[in-house]
Amino acid sequence: MEIRIKDLTKIFPGDAKKGIRDTVAVKDMSFVVPDGKLVGLLGPSGCGKSTTLYMISGLQVPTSGEVWFGDQEVTNLSPEKRGIGLVFQNYALYPHMTIYKNIEFPLTNLKVEVPLETFFDYSLSYDYKKDPRDIVPGIVKSIESLCRKLGLSKKQFSVSAKEEGESVHFAIALKGVSKSVRAAFDKHFPSIIEAKLVDEEETMVSEPLYDSTVRATVAAASEKETLSLAIKGKLGKSFSTAHIDECITSFRASAKEFGKIESAAIAKTGEGYELMGNITNAKRASLDELISAIESSFPYPGGVSYSISKVVDRLFEKNIKEALKKEKAAFSDFKLYFDRSNTKVYFKLKRISKDKAKEILDRLSEELHLVDLEVDTAQAIAHRSLTKEERRDIVYDVAKLVQVDEYLQRKPNQLSGGQQQRVAIARALVYDPDILLLDEPLANLDAKLRRYMRAEIRRIQKATNITTIFVTHDQEEAMAVGDRMAVMRKGIVEQIGTSDELYNQPNNSFVANFIGKMNFFNSKIVGIESDRIMCEVDGTGLVVPVCKTRNHVSSLALGKEVLVGARPEQLVVGKQEGKVRGTVRIIQHLGQFIRYEVELDPAVSRTIFEIDMPSLQADVKEHDTVFVEVKPDVVSLFDKEVDA
């Protein structure tokens, strides 16, 4: 199932009395996780990774924005209704339960769907020629076990047997079941005994029912309609952080008489600074006046914009709910929302015939002025608990998938860390979720086990084909596990792409330095050619050619100060005299390569190079004076104002 995130924002409230400002944890996040893919959320601590995951799961309520699973918006759904599996950093296994019980526990409260099709009562009669080795009571128990495996409760079936010499007559009753259940019974019954069906009766006991999803435009909006607004005021790059409190205070003062201010904060963006505020209980009739008051309260060079995240109309809501109750119609998921310039209503009619649903909607349209009705009808669904046999089969299948089937009778403290983490993943998978969310699941494991579990998570995700989001701060981990990665910084997604795209074509110096290591030289542009840019490293006279395909500078101009970025493998260190001189501070032998930590003077105060052993000068030692050579045409170019 595809996950779509649209303009997702989370602002945590501060405490004005203690001088603590509101905090923007996630800002205007939009991205798509394709169906069946694993995407890693990657970034340093405090960048908003886990907050994003918790908003997707429903554990955190977004300040604004939307979360979609497939074609269903789940922004306001509770976690248990989202069809997700969630694995935390800590295993959170029950220590007093066996591994079998730990995995089974979520299934004890799980409800499976039962389509409300046409249901029948079946009376089936079978004749069977008994084998001398047959134990008739055992056959009866096997038939009863088959009924339970098909999800039937004790009230929905009965089995009796009457022996007459070498023959046995079986009378089987299936009550309130669909034709699909009857077909499954017929398919599996011969695996118990080869008996002849001599008589059957079929009685219809219920008509099919449907759920109707309804969307409509409210043609006559009430004067009491109120809105929840997400306000954005663009302050530009020239905004001084010394005016943060003044700007927030002015915003709160200007909006106070129009509604309740839930949050107000200043966030830094690529285009400068931006005020982000949320207001609830604002009257729709005063919307233009509210925006005008905000715009005049403080200079906003980029203007003020807004989006409506919620509509409240108590009178309309009361009227429509009373009308539905009068019709004795079950309904759920009632919601008012704003679409372009209109108030829209959304709700579901539950377990109702198509004719009855049309009759109710026609009456609502006339009485409450609903227009542009859109109705989607699907088979109604009831729910039942899993049988013991169903739970057992699921537990064994999932335990085998994550390779803990040998340990089902052990307790958690008898397993290693990696085995316990696999049990935690199994417990999330038993739901058969549409979405799997992993919040730094390998953080508590040692380095060797983490490498092993990366491959395990990759294998499990490919085997199940579940759409998965994997949160981590370890770029090597994200590159090893994910199909794609979203790199975050300060609540903003800086870049989304595959491992190769992020490593070889980073958007800015932050991404370049976070995905692998990159060394930056303060430089200026001294020449612009058709296919390359010539940059001089400050204080060295060294001119480095940069291919235009590796240019990430917003605008090129001679004399512009930039950063030349070179990965450790794009540099060579040795004693042959050159223009970039430095001193070796530390040498680290890391197996397949040696890492040199060299302090350069005067271009860069400190940088790290990784060079393969065969290409190194054998006589380079710690504290030696060395010279660094930059390989041409493989380095990258970035704007200097972007933090590395």
Side-chain angles (χ1 to χ4, degrees), residues 503-590 593-644:
Y503 190 83
N504 295 312
Q505 290 294 329
N507 281 351
N508 54 50
S509 56
F510 171 79
V511 175
N513 201 36
F514 200 83
I515 303 297
K517 177 66 182 176
M518 185 168 277
N519 312 290
F520 298 100
F521 298 92
N522 294 315
S523 309
K524 62 181 177 181
I525 298 175
V526 294
I528 302 174
E529 301 177 2
S530 59
D531 60 345
R532 62 177 59 182
I533 304 157
M534 309 306 292
C535 299
E536 182 179 351
V537 177
D538 289 356
T540 66
L542 175 65
V543 176
V544 179
V546 181
C547 286
K548 283 192 173 179
T549 56
R550 291 180 172 269
N551 170 47
H552 304 283
V553 175
S554 55
S555 61
L556 297 174
L558 291 176
K560 182 174 182 176
E561 293 186 350
V562 291
L563 292 176
V564 170
R567 296 207 179 274
E569 63 270 21
Q570 296 168 352
L571 300 168
V572 176
V573 61
K575 287 195 170 183
Q576 184 176 353
E577 189 168 337
K579 291 186 177 180
V580 182
R581 186 173 63 179
T583 303
V584 178
R585 296 303 182 198
I586 297 175
I587 298 177
Q588 300 177 58
H589 294 267
L590 301 176
F593 59 84
I594 294 179
R595 177 171 295 167
Y596 284 80
E597 191 173 291
V598 180
E599 185 176 350
L600 300 183
D601 184 33
V604 181
S605 61
R606 177 185 172 103
T607 189
I608 296 175
F609 312 118
E610 296 172 5
I611 313 294
D612 289 340
M613 189 69 176
S615 65
L616 300 178
Q617 296 287 341
D619 57 348
V620 174
K621 300 180 179 61
E622 289 184 358
H623 309 301
D624 282 356
T625 297
V626 293
F627 296 90
V628 177
E629 178 185 343
V630 183
K631 295 180 181 179
D633 297 325
V634 295
V635 295
S636 302
L637 198 62
F638 302 98
D639 282 310
K640 191 170 184 179
E641 58 265 26
V642 179
D643 296 332

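Just so you know, residue 1 is the first one in the sequence shown, and it goes up from there. Note that these values count all heavy atoms, side chains included, but never hydrogens, waters or copies made by symmetry.
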task = Starting from the C-alpha separation in whole Å, work towards a yes-or-no answer on side-chain contact (heavy atoms from CB on, under 4.5 Å) for Val584 and Lys621.
result = CA-CA 7 Å; Val584 178; Lys621 300 180 179 61; over 6 Å; no
note = The reported gap from NZ in Lys631 to CD in Gln570 (rounded to nearest 0.5 angstrom) is 8.0 Å
key: Non-neighbouring partners of Ser555 that pass side-chain hydrogen bond (donor to acceptor under 3.5 Å, both in side chains), sequence neighbours left out   = Lys560
task = Kindly give the heavy-atom pair with the smallest separation between Met518 and Gly565, and that separation in Å.
result = SD-CA, 3.6 Å
query = Can you check whether Ala512's main-chain N or O pairs, donor with acceptor, with Arg567's side chain at less than 3.5 Å?
reply = yes
request  = Please report the shortest heavy-atom distance between Ser523 and Val537, naming the atom on each side.
outcome  = OG-CA, 3.7 Å
message = List the residues meeting side chain to side chain contact (heavy atoms under 4.5 Å, CB included) with Glu629, not counting sequence neighbours, and say none if there are none.
response = Val572
query = Between Lys548 and Asp531, does a side-chain contact (heavy atoms from CB on, under 4.5 Å) hold up when you go through it step by step?
reply = CA-CA 6 Å; Lys548 283 192 173 179; Asp531 60 345; 5.7 Å; no
Least distance between heavy atoms, Asn519 atom then Pro568 atom = ND2-N, 3.8 Å
key: Backbone of Ile587 reached by a side-chain donor or acceptor of Glu622 within 3.5 Å   = yes
message = Using 30° and 60° as the class boundaries, would you call the ring planes of Phe638 and His552 parallel, tilted or perpendicular?
response = parallel
Atom of Ala557, atom of Ile525 and distance for their closest heavy-atom approach = O-CB, 3.6 Å
note = Nearest heavy-atom approach of Cys535 to Leu637 is SG-CD1, 3.5 Å
side-chain hydrogen bond (donor to acceptor under 3.5 Å, both in side chains) partners of Arg550, counting only residues at least two apart = none
message = Could you check whether any side-chain heavy atom of Met534 comes within less than 4.5 Å of a side-chain heavy atom of Pro545, counting everything from C-beta outward?
response = yes
ask   = Can you check whether Val626 reaches Thr583 side chain to side chain, under 4.5 Å on heavy atoms?
value = no
Side-chain heavy atoms of Asn508 within contact of Asp639, under 4.5 Å = no
ask   = Say you draw a straight line from CG of Leu563 to OG of Ser636; how long is it, rounded to the nearest 0.5 Å?
value = 11.5 Å
task = Check whether any side-chain heavy atom of Val580 sits under 4.5 Å from a side-chain heavy atom of Val630, and report yes or no.
result = no
